[in-house]
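Here's the structure, in structure tokens; my notes come after.
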Amino acid sequence: MLIVNRRKKHGVDFREVWYAEEKCGLDGIILYRGAKRPIGKVLREVRTLITDLTQSEEEIVAKCQKDCRYQIRRAARENITAYFKVGKEITEQDITDFCGFFVEFWKSKGMEEETYEKYKEEIETYAKEGVFGITRANKDGEALVYHTYIVGDTFVRSYQSASQFRGEHVNARTVSIANRYLHKADMMYFKEMGKTVYDWGGAGLREEVKNITEFKESFGGEELWYYDCEEVVGLKAEAVKGIINLIGVLTDD
């Protein structure tokens, strides 16, 4: 179980609890992410894929589909390299660079633009708690792909992924190779750190995410279902939650 204190407003703690099997026993407004069983109010049931990092590198790669394995091997010939930062290694500049990259990626996909400040604040919260990871694949010094992770004692959970198709020498196939190679490199990096579970961060069955899910499935992970839930504990927390339900937002203290 990983507990992240997101913020405190009006005297109420807002917490995230990852991979809980039981209630955390704390007060406040608590969002359970990836709970093994329903806790409090179930917000949604989530399908994901899990890669067992206790396997050897050869066993992990062998479970990948044929083209996935080919692209991972191809990365060396494409001069693609990987970089990793976790926890206190992450600097303010690392966060700034990723957030700018991610927002541009979001816009390039034609999706509704989210504010730079929102992503930056969220990542700063995780980084401050020492539970965040940022990885990057470069080609000839140019960033092609970023991945971010929630990092627990035994698990890592894929949180965000962003790719850019920039530069005349970069094509979609090269970016695909970089993305697959980075996932494999990430798994080996976290395995070396002693993590045992690599969670692909969801693998939905809706038509609009079909391509993303098929990409993740090409790595041969095992299907797992869990729950995102909410628990409101304490009279003050119940009052604040009532205000949120009524007006949708809270003003700062």
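Index from 1, following the sequence.
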*Answer yes or no: does atom CD of E223 have more than 12 heavy-atom neighbours from other residues, nucleotides or ligands under 6.0 Å?*
yes
*Indicate yes or no for a side-chain donor-acceptor contact from S161 to the backbone of H147 under 3.5 Å, with no hydrogens or angles considered.*
no
*Taking everything shown except I212 itself, do over 12 heavy atoms lie less than 6.0 Å from its CD1?*
no
*Enter the distance from Y181:OH to S176:OG here, rounded to the nearest 0.5 Å.*
15.0 Å
_With side-chain hydrogen bond (donor to acceptor under 3.5 Å, both in side chains) as the criterion, how do N138 and T81 come out once you've worked through the C-alpha distance, each side chain's angles and the decisive distance to 0.1 Å?_
CA-CA 5 Å; N138 281 13; T81 52; 5.2 Å; no
*Closest approach of G221 and T51, non-hydrogen atoms and distance?*
CA-OG1, 4.1 Å
*asked:* With heavy-atom distances below 4.5 Å as the criterion, would you say the side chains of V156 and V197 are in contact?
replied: no
_Nearest heavy-atom neighbours spanning G202 and T48_ = N-OG1, 2.9 Å
_Nearest 0.5 angstrom please: I244 CD1 to H10 NE2, how far?_
8.5 Å
*So, does R69 use its side chain to make a donor-acceptor pair with the main chain of C64 at under 3.5 Å?*
yes
*Taking everything shown except K23 itself, do over 12 heavy atoms lie less than 6.0 Å from its NZ?*
no
*How about D153: does its CG atom have over 12 heavy atoms from other parts shown lying under 6.0 Å from it?*
no
*Within the distance-only criterion (no hydrogens, no angle test), does the side chain of T154 pair as donor or acceptor with the backbone N or O of T196 below 3.5 angstrom?*
no
*asked:* Determine whether E22 and R37 satisfy the following criterion, salt bridge (charged side-chain N to carboxylate O under 4.0 Å, His left out), listing intermediate values before the conclusion.
replied: CA-CA 8 Å; E22 303 292 341; R37 67 172 186 83; 2.9 Å; yes
*Please walk me through it: do K63 and E58 pass salt bridge (charged side-chain N to carboxylate O under 4.0 Å, His left out)?*
CA-CA 9 Å; K63 290 186 177 180; E58 292 75 18; over 6 Å; no
*Identify the two heavy atoms, one from V12 and one from G28, that lie closest to each other, and give their separation to 0.1 Å.*
CG1-CA, 4.1 Å
_Expected output: side-chain R47 to main-chain A203 donor-acceptor under 3.5 Å_ = yes
*Would you call R7 and E16 a salt bridge, taking side-chain N to carboxylate O under 4.0 Å as the test?*
no
*Short N-O contact, K184 and E57, less than 4.0 angstrom*: yes
*Can you establish whether the number of heavy atoms outside E92 located under 6.0 Å from its atom CD is more than 12?*
yes
*What orientation do F215 and H183 show, parallel under 30°, tilted 30 to 60°, or perpendicular over 60°?*
tilted
_Is there a side-chain contact (heavy atoms from CB on, under 4.5 Å) between L53 and I60? Walk through the geometry before answering._
CA-CA 8 Å; L53 296 184; I60 291 172; 4.2 Å; yes
*Side chains of D97 and Q93, donor plus acceptor under 3.5 Å*: yes
_K139 and E78 ion-paired at < 4.0 Å_ = yes
*Answer whether the closest heavy-atom distance between the side chains of F98 and T148 falls below 4.5 Å.*
yes
*Before accepting this row, confirm whether a basic side-chain N of the pair R136/D94 lies closer than 4.0 Å to the acidic partner's carboxylate O.*
no
*With ring pair (Phe, Tyr, Trp, His ring centres under 6.0 Å) as the test, would you mind laying out the steps for Y149 and Y189 before giving the verdict?*
CA-CA 12 Å; Y149 294 89; Y189 175 76; 9.3 Å; no
*Calculate, to the nearest 0.5 Å, the distance between atoms CG and CD belonging to D27 and E231 respectively.*
10.0 Å
*Counting distance only, does the side-chain N/O of E104 pair as donor-acceptor with the main-chain N or O of F101 below 3.5 Å?*
no
*Determine the minimum heavy-atom distance between V175 and S163, stating which atoms define it.*
CG1-CB, 3.6 Å
*Check each of K41, R44, K36 against D228 using the salt bridge (Lys or Arg N to Asp or Glu O under 4.0 Å) test, and report the only one that passes.*
R44
*Stepwise side-chain hydrogen bond (donor to acceptor under 3.5 Å, both in side chains) check, S218 with Q65*: CA-CA 5 Å; S218 72; Q65 294 174 7; 5.0 Å; no
*Say you draw a straight line from CD1 of I177 to SG of C68; how long is it, rounded to the nearest 0.5 Å?*
11.0 Å
*Where is the tightest heavy-atom contact between V86 and M193, given as atom of each residue plus distance?*
CG1-CE, 4.2 Å
_Once rounded to the nearest 0.5 Å, what's the spacing between atom CD of E192 and atom CE of M188?_
10.0 Å
*Any side-chain heavy-atom pair from K9 and V240 closer than 4.5 angstrom?*
no
*Are the side chains of L49 and L224 in touch, meaning some heavy atoms are under 4.5 Å apart?*
no
*Check whether any side-chain heavy atom of W200 sits under 4.5 Å from a side-chain heavy atom of F219, and report yes or no.*
yes
_Parallel, tilted or perpendicular: rings of F102 and F105 (30°, 60°)_ = tilted
_Can you confirm whether more than 12 heavy atoms, excluding those of L205, are under 6.0 Å from its CG atom?_
yes
*Donor-acceptor contact present, side-chain K191 to main-chain Q55, <3.5 Å*: yes
*Passes ring pair (Phe, Tyr, Trp, His ring centres under 6.0 Å), Y227 versus Y32? Steps please.*
CA-CA 8 Å; Y227 304 90; Y32 290 92; over 10 Å; no
_Euclidean distance, L182 CG relative to M187 CE, rounded to 0.5 Å_ = 10.0 Å
*Indicate the atoms forming the closest heavy-atom contact of L2 with G152, along with that distance.*
CD2-CA, 4.2 Å
*Decide whether N5 and D13 meet the rule of one side-chain donor and one side-chain acceptor closer than 3.5 Å.*
no
*K128 with E124: basic N within carboxylate O range, under 4.0 Å*: no
*asked:* Assess the residue pair R180 and R74 against the criterion (side-chain contact (heavy atoms from CB on, under 4.5 Å)); give the C-alpha distance rounded to whole Å, side-chain angles, the decisive distance to 0.1 Å, and a yes or no.
replied: CA-CA 10 Å; R180 292 182 189 277; R74 178 79 187 184; over 6 Å; no
*asked:* Walk me through whether I150 and W18 qualify under side-chain contact (heavy atoms from CB on, under 4.5 Å).
replied: CA-CA 9 Å; I150 305 298; W18 291 82; 3.8 Å; yes
*Starting from the C-alpha separation in whole Å, work towards a yes-or-no answer on side-chain contact (heavy atoms from CB on, under 4.5 Å) for C229 and L43.*
CA-CA 5 Å; C229 310; L43 303 178; 5.6 Å; no
*E45, CD atom: more than 12 neighbouring heavy atoms under 6.0 Å*: yes
*Hey, does V17 have a side-chain heavy atom less than 4.5 Å from the side chain of R33?*
no
*R173 with D67: basic N within carboxylate O range, under 4.0 Å*: yes
*asked:* Please determine whether side-chain hydrogen bond (donor to acceptor under 3.5 Å, both in side chains) holds for the pair Y19 and D199, giving the CA-CA distance in whole Å, both sets of side-chain angles, and the decisive distance to 0.1 Å.
replied: CA-CA 11 Å; Y19 302 125; D199 183 345; 2.4 Å; yes
*Look at the aromatic rings of F132 and Y126 and report parallel, tilted or perpendicular, splitting at 30° and 60°.*
parallel
